[in-house]
Amino acid sequence: MSTRFLELLAREASAVEFEGPIIEARARGADPAEIEELEQAKVAALKVRALLKRRARREAELSALYDTAGDLAALRDLDAVLEAIVHRARQLLATDIAYMTLHDPEQGDTYMRVTDGSISAKFRALRLAMGAGLGGLVAQTATPYSTADYFADARFRHKDHIDEAVKEEGLVAILGVPLRLGKRVIGVLMAANRSARPFHQEEVSLLASLAAHAAVAIDNARLLQETRNALEELSQAHRTAREHGEAVERAALAHDRMTSLVLRGGGIEDVAAVVTDVLGGSLAVLDDLGRAITGDVGELDSGVFEAAQASRALGRTVRRGDLLIASVDVGGEPLCTLILRSDDADERILERAALVCALLLLFRRSVAEAEGRVRGELLDDLIARPDSPGLADRARRLGVDLGAPHVVVVVKHGGQRERAAFWASSQATLRHGLAAGRGDEVVLLVPGDHAGAVAQRVAAELSASLHSPATAGACGVRGGAGQLRGSTADLRGGTGDVAAAYLEARRCAEALIALGRAGDGASAAELGFVGLLVGDGRDVHGFVDRVLGAVIDYDTRRGTALADTLSAYFGTGGSPSRTAEAMHIHVNTVTQRLDRIGKLLGDGWLEPERALEIQLALRLHRLGHTSTPQTVGLDSI
């Protein structure tokens, strides 16, 4: 009979099948002694079966712990290790669900870290305060707890949101053990069933062993991450130090090259060439007015100049888009701005280049100011002391040929004397002339023979530089003979011409302002009959020719009387009929002559200011027939 029980043990039969041999013996009428023997054999077989089952289970538990230890030894991904531990806990305890919560030191509670078998999103997002629910109780006391019926257990605080999540998951029996690192609890490992069941001590021990492995995994991951972070920080620090050292060395070499260029007499263009050679790309250097000294980076918007202002305020390079901008100021005023378009942008090199360019500009400005003082003193002497000896020699040493035609320009401006004087000095140096500041005006003596054009250019450029109107009057000085261009007066000759030209140019500037033409530029010739009042030469014939020359030439060529008709027309108050009566011609003839005059003089000849000039020219023309050109003047009118 014992053979039957061995066979049952061998095929791992269920406990019910061990009743089979006894039932069969009773069915065939076996005596009580045989049945008693079978009962004893059955009991022994069941004991053996239970022992084998426990050993198999223990073997599975040891295998799971061994696998977990292997996972820890080959720790690569903490999430994967924790998921494996929770999954093994669920399998070994044969529960419906297993999960792990970890402590959140910032909020002081625990949160779901890993779940296996969960079907409720609300449950997976659950957070448990310390002491709340079974998990919170385990975390607070660092002691394993289990319950066969969660909702009927009063040993822990029930919270509505926790109970709702547990109910939604359908849990009834729950076991929880703490995850400890030394004396500190970092979380809870839990297993739960959706039906009532007790948890045996062996199950508690097994879950505690898995929890210990999980705690080790978490701590190892933390240490590993800290080690990795430390190595990365050291590596980054090493890279940063190496890059910084290379950048400093590179910047020092570039600075040495730029300094050497300056010592050899190089200029801003040479410094810019060094920057583009080292960094590549394109570089533009702008002066204090935003004008390019060298280079071209295309059209610049207002944002670039705002970035330049920020660079001066911060004292470092500012990036805008693909541009790097370094700007330097002196006393709050911009001095120069470097704009680099390059992929390889070493800010130190650009900043050093900006400083070198600023020093060059300051040196140039100092030289220009010193030379400007010399030029200004010479121009002051030409105006105030034209008979002083050695003026021509002093001019030649400055590269100014007083024997060539020149233009004296007097510019009236509203303020910013230093800026206006510096601009004038720069212009004089560039054009081999002279410049001086005199109160609220600057005076220029520059080569040229078209006074009006020079005055208009100077007024426009200085107005743009000052951002306010600058009004320029001009008078030409003929070289050698001493004759004023744009007038007919014969002066003393030599340097005295400059003094006379200055006075006329000044009167022209004042006349422009009086006429409401501030910001404009003109010589006496461009002022019409007003020019006769302010000009020393009083070029009457030139004035008549500019205003009435087309009509006079027509009369001369055709033998007509357009000038006389025009005089009669103005003399009769602009009445064609009374003009016809005065000249004893038909009114249609007057109309035809006036049409011809309009074509010769152009549109607008009857406008008040133009008509006044025409009447004055007619009067001077009539006087010219009885007076020589040298004696005709305003006193003859």
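When a residue number appears, it is its place in the shown sequence, counting from 1.
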Can you name the closest pair of heavy atoms from [X] and [Y] and give their distance?
X: Ala509; Y: Ala472; value: CB-C, 4.3 Å
X: Ala308; Y: Thr337; value: CB-CG2, 3.9 Å
X: Leu445; Y: Leu379; value: CB-CD1, 4.0 Å
X: Ala436; Y: Asp380; value: CB-OD1, 3.8 Å
X: Gly473; Y: Cys508; value: CA-CB, 3.8 Å
X: Gly521; Y: Ala459; value: N-CB, 4.0 Å

Spatial distance of atom [atom1] ([X]) from atom [atom2] ([Y]) [nearest 0.5 Å]:
X: Arg507; Y: Cys475; atom1: CZ; atom2: SG; answer: 8.5 Å
X: Glu441; Y: Glu510; atom1: CD; atom2: CD; answer: 8.0 Å
X: Arg506; Y: Ile383; atom1: CZ; atom2: CD1; answer: 9.5 Å
X: Leu512; Y: Ser523; atom1: CG; atom2: OG; answer: 9.5 Å
X: Ile513; Y: Arg517; atom1: CD1; atom2: CZ; answer: 12.0 Å
X: Ile597; Y: Leu606; atom1: CD1; atom2: CG; answer: 9.5 Å

Is [Y] close to [X] at the side-chain level, that is, under 4.5 Å between some pair of heavy atoms?
X: Cys336; Y: Cys357; result: yes
X: Ile325; Y: Arg319; result: no
X: Leu444; Y: Leu434; result: no
X: Arg184; Y: Leu181; result: yes
X: Tyr502; Y: Val409; result: no
X: Val411; Y: Val443; result: no
X: Val551; Y: Trp605; result: no
X: Val446; Y: Gln427; result: no

[X]: side chain to side chain contact (heavy atoms under 4.5 Å, CB included) partners, not counting sequence neighbours:
X: Ala353; value: Met258, Val271, Val275, Leu338
X: Asp329; value: Arg312
X: Thr317; value: Leu324, Ala326, Glu347, Leu350, Glu351
X: Asp553; value: Arg557

Expected output: side-chain Thr471 to main-chain Gly519 donor-acceptor under 3.5 Å: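 Yes, Thr471 side chain to Gly519 backbone: donor-acceptor pair under 3.5 Å.
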For [X], what residues pass the salt bridge (Lys or Arg N to Asp or Glu O under 4.0 Å) criterion, not counting sequence neighbours?
X: Glu232; value: Arg239
X: Asp79; value: Arg113
X: Glu226; value: Arg222
X: Arg127; value: Asp104, Asp109

Run the side chain to side chain donor-acceptor pair (under 3.5 Å) test against [X] and tell me which residues pass, sequence neighbours left out.
X: Asp401; value: none
X: Gln456; value: none
X: Thr240; value: Gln236

Strictly by salt bridge (charged side-chain N to carboxylate O under 4.0 Å, His left out), give each pair with a member in residues 452-475 just once, sequence neighbours left out.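 The answer is Arg457-Glu461.
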Any donor-acceptor pair under 3.5 Å linking the side-chain atoms of Ser311 with those of Ser327?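 No donor-acceptor contact under 3.5 Å links the two side chains.
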Here's a test for you: under side-chain contact (heavy atoms from CB on, under 4.5 Å), which of Val408, Asp381, Leu391 qualifies with Val498?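 The option that passes is Val408.
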Is the CG atom of Asp603 crowded by more than 12 outside heavy atoms at less than 6.0 Å?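 No - once you tally the heavy atoms of other residues, nucleotides and ligands closer than 6.0 Å, there are 12 at most.
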